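If you're wondering where the values come from, they're calculated on a predicted model, not measured in any experiment.
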Amino acid sequence: MFKKAEWPRKLRSQEWYGGTSRDVIYHRGWMKNQGYPHDLFDGRPVIGILNTWSDMTPCNGHLRELAEKVKAGIWEAGGFPMEVPVFSASENTFRPTAMMYRNLAALSIEETIRGQPMDGCVLMVGCDKTTPSLLMAAASVDLPSIVVTGGPMLNGYFRGERVGSGTHLWKFSEMVKAGEMTQAEFLEAEASMSRSSGTCNTMGTASTMASMAEALGMALSGNAAIPGVDSRRKVMAQLTGRRIVQMVKDDLKPSDIMTKQAFENAIRTNAAIGGSTNAVIHLLAMAGRVGIDLTLDDWDRCGRDVPTIVNLMPSGKYLMEEFFYAGGLPVVIKRLGEAGLLHKDALTVSGETMWDEVKDVVNWNEDVILPAEKALTQSGGIVVLRGNMAPKGAVLKPSAASPHLLTYRGRAVVFEDIDDYKAKINDDNLDIDETCVMVMKNCGPKGYPGMAEVGNMGLPPKVLKKGITDMVRISDARMSGTAYGTVVLHTSPEAAVGGPLAVIKNGDMIELDVPNRRLHVDISDEEMARRLAEWKPQHELPTSGYAFLHQQHVEGADTGADLDFLKGCRGSAVGKDSH
């Protein structure tokens with residue numbers, strides 16, 4: 001049971017600002033050049049507002065304005081706010097992939113917190129990698145921390161059709177290849193996809209990770225779904241600013257909140273909302289930072305019997321705006337509690353239990369948040385597959401897959417990497433039809449490098465023109481949370497390190513058996529051993545810079561793709577003074 005710390009007491013920031021020594025005057029005196037009165041350094045909580053705002057992170061482009069509301073809340077509660085810009089990895093703009101920089105962001109932000117006079121932190125996040133990277137950093141330092149997200153965009157509409165950011169990008173792109181939509185119409189639709197500030201308006205990775213922060217107890221209840229341009233988003237930011245000051249006084253830290261029970265709550269919530277497969281990697285990495293033993297088996301165990309009740313794209317038909325109006329994530333968490341699928345006494349940043357936060361909420365639209373008997377799928381969650389193709393596991397999202405493909409056997413058509421795929425997929429001479437299984441290699445954490453969102457390979461045009469919209473696709477890559485299809489991802493060990501995926505050949509027969517959690521290539525153990533013994537790496541390795549560090553130290557997707565030297569490494573939050 002959490003026990004509040006005594007207040008008042010000497011806070012960490014006083015190591016910099018308290019007293020009359022030369023070193024303290026050095027730290028405090030320089031701060032005064034911004035016009036801060038002397039009495040602000042009297043021992044009140046100094047709150048770092050870690051802001052991932054960037055003009056090149058469009059999902060987070062409105063966080064500068066939102067930070068002013070956070071500051072107002074901190075001032076009101078008697079704290080001293082200091083806004084700090086931090087590494088902002090945007091999935092929209094970073095090459096080869098923002099995932100390569102999630103760990104670098106976490107490392108840099110960890111040291112931003114550790115090395116500066118903060119007593120608590122507000123984590124201002126939005127685009128999907130910013131949420132886990134800041135939570136990973138905060139967990140490693142273990143100062144009182146709270147999340148406030150930027151919120152999703154408003155609904156998109158095109159010619160009377162509800163348009164989901166990302167989801168309809170994939171859909172319209174396939175329609176163009178199939179000859180069902182012109183390029184001019186595609187360009188016209190572009191303007192409707194992202195029509196306000198905020199993150200993806202589907203249950204993509206950004207909305208999923210906002211939901212995971214709330215389900216973990218690291219954000220105030222109701223935070224996840226408020227649209228980015230809704231005035232209630234600003235209210236949430238101001239309330240978050242108020243709350244972090246009291247968290248510092250109570251010494252309520254991430255390690256008090258991010259427990260094994262909290263992670264199990266988040267996994268079940270992810271199943272209920274039809275959340276992104278990316279949540280698997282991010283939660284595994286976050287758990288590693290707080291020393292929680294979370295595995296792929298926990299994902300399968302906790303999520304297997306949870307129905308997907310949130311009717312949102314890409315699994316369903318609505319968008320985040322309707323989800324908020326229906327009651328948002330608190331309704332989903334309440335449903336889990338009523339079904340016996342929630343650790344009700346898990347602590348949240350509010351100081352209350354998860355159940356106390358949600359027990360009185362109301363579902364205002366049962367077509368958006370469905371009754372269990374009308375669930376999109378009765379067995380939701382993230383399926384963890386194993387077999388001779390994936391001895392350390394692979395994942396699939398059943399709510400976004402085609403039911404008739406969940407038990408399937410087909411001939412492999414192999415692409416050695418993403419460039420090989422792009423070079424061949426539009427060739428009408430490619431030996432492929434709708435009965436085949438598409439396999440792509442060398443797109444994992446080390447292989448791309450960085451594990452890009454390319455797992456939802458577009459189908460060949462000659463198949464799309466037949467009216468076929470889904471095939472079984474297997475890779476060691478990730479998939480955008482906005483995407484859909486019968487797509488097997490995160491195959492581990494990855495091809496670039498000599499995992500079995502590396503030696504799959506054209507013509508091999510592959511079996512996918514989701515009910516029995518099996519992914520198998522029909523070759524003998526002896527043949528597999530022979531192929532693996534003959535395998536040699538095909539790609540040049542980086543020799544300098546962060547790419548070299550990443551290549552040398554990134555772990556597999558099955559354990560969260562964190563850097564191996566950063567797991568379970570919470571240390572002192574107070575840096576040594578060099579002056």
Side-chain angles (χ1 to χ4, degrees), residues 45 47-55 57-86 88 90 120-128 130-131 134-135 138 144-156 165 194-201 206-207 209-214 217-248 319-331 348-352 357-358 361 364:
I47 307 300
I49 303 172
L50 306 182
N51 197 344
T52 54
W53 166 84
S54 167
D55 280 339
T57 305
C59 295
N60 300 14
H62 59 306
L63 295 188
R64 275 266 41 259
E65 178 185 2
L66 207 61
E68 295 303 316
K69 291 296 184 179
V70 176
K71 288 180 182 179
I74 294 169
W75 286 123
E76 289 168 350
F80 184 0
M82 292 188 179
E83 187 178 356
V84 182
V86 294
S88 184
S90 168
C121 303
V122 176
L123 314 178
M124 297 199 66
V125 297
C127 195
D128 46 356
T130 58
T131 306
L134 266 68
L135 278 167
S145 301
I146 188 171
V147 169
V148 62
T149 57
M153 294 184 287
L154 297 178
N155 288 1
S165 52
S194 305
R195 69 181 188 93
S196 80
S197 297
T199 59
C200 284
N201 54 23
S207 293
M209 293 313 299
S211 298
M212 293 299 92
E214 187 174 328
M218 287 297 296
L220 293 178
S221 185
N223 170 80
I226 306 171
V229 295
D230 193 301
S231 62
R232 287 164 286 191
R233 173 58 59 190
K234 295 178 180 178
V235 173
M236 177 62 71
Q238 193 156 338
L239 293 176
T240 299
R242 292 178 185 176
R243 179 58 196 160
I244 187 60
V245 176
Q246 189 60 48
M247 288 176 65
V248 170
L319 295 169
M320 287 296 291
E321 195 176 338
E322 284 101 350
F323 184 44
F324 172 60
Y325 301 149
L329 197 70
V331 174
T348 76
V349 288
S350 72
E352 303 294 328
E357 291 283 4
V358 304
V361 299
W364 299 109

Checklist entry - Ser221 and Val358: side-chain contact (heavy atoms from CB on, under 4.5 Å), yes or no, with the steps? => result CA-CA 8 Å; Ser221 185; Val358 304; 4.2 Å; yes
Item to check | side-chain contact (heavy atoms from CB on, under 4.5 Å) between Trp53 and Glu65, worked out | outcome: CA-CA 9 Å; Trp53 166 84; Glu65 178 185 2; over 6 Å; no
Next on the checklist: Pair Asn51, Val86 - check side-chain contact (heavy atoms from CB on, under 4.5 Å), show working.
Outcome noted: CA-CA 6 Å; Asn51 197 344; Val86 294; 5.9 Å; no
With distance as the sole test, does [X] use its side chain to make a donor-acceptor pair with the main-chain N or O of [Y] at under 3.5 Å?
| X | Y | result |
| --- | --- | --- |
| Gln238 | Val70 | no |
| His62 | Val229 | no |
| Asn201 | Met320 | no |
| Arg243 | Ser350 | yes |

Checklist entry - With Glu322, which residues qualify under side chain to side chain donor-acceptor pair (under 3.5 Å), at least two apart? => result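 Checked Glu322 against side chain to side chain donor-acceptor pair (under 3.5 Å); matches are Asn155, Arg162.
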Next on the checklist: Before you tell me yes or no, could you show the steps for Val122 and Thr240 under side-chain contact (heavy atoms from CB on, under 4.5 Å), namely the whole-Å CA-CA distance, both residues' side-chain angles and the distance that decides it to 0.1 Å?
Outcome noted: CA-CA 8 Å; Val122 176; Thr240 299; 4.2 Å; yes
Give me the atom names and distance for the closest heavy-atom approach of [X] to [Y].
| X | Y | value |
| --- | --- | --- |
| Pro152 | Ala224 | CD-O, 4.0 Å |
| Ile74 | Phe80 | CG2-N, 3.7 Å |
| Val245 | Pro45 | CG1-CG, 4.0 Å |
| Gly328 | Ala225 | CA-CB, 4.3 Å |
| Asn60 | Val125 | ND2-C, 4.2 Å |
| Val349 | Leu220 | CG2-N, 3.9 Å |

Checklist entry - Which pairs, with at least one residue in residues 74-83 and sequence neighbours excluded, count as a salt bridge (charged side-chain N to carboxylate O under 4.0 Å, His left out)? => result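 Listed once each, the pairs are Arg64-Glu83, Lys71-Glu83, Glu76-Arg242.
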Quick one: pull up [atom1] in [X] and [atom2] in [Y] and give me the separation to the nearest 0.5 Å.
| X | Y | atom1 | atom2 | answer |
| --- | --- | --- | --- | --- |
| Met209 | Leu134 | CE | CG | 11.5 Å |
| Ser197 | Asp230 | OG | CG | 12.5 Å |
| Leu66 | Arg233 | CG | CZ | 7.0 Å |
| Phe323 | Ser211 | CZ | OG | 5.5 Å |
| Leu154 | Arg195 | CG | CZ | 5.0 Å |
| Ile226 | Leu329 | CD1 | CG | 11.5 Å |

Checklist entry - Using a distance-only test with no angle check, is there a side-chain donor-acceptor pair under 3.5 angstrom linking Thr57 and Ser88? => result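 Distance-only check passes for Thr57 and Ser88.
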Next on the checklist: For a quick check under 3.5 Å, do Thr149 and Asn223 share a side-chain donor-acceptor pair by atom type?
Outcome noted: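 Yes, side-chain donor-acceptor contact under 3.5 Å.
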Next on the checklist: Between Glu357 and Pro330, is there a side-chain heavy-atom distance shorter than 4.5 Å?
Outcome noted: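 Answer no - side chains too far apart.
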Next on the checklist: Between Met218 and Leu135, is there a side-chain heavy-atom distance shorter than 4.5 Å?
Outcome noted: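 Yes. Closest side-chain heavy atoms under 4.5 Å.
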Checklist entry - Any ion pair linking Glu68 and Lys234 (charged N to carboxylate O, less than 4.0 Å)? => result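 Salt bridge between Lys234 and Glu68, a charged N being under 4.0 Å from a carboxylate O: no.
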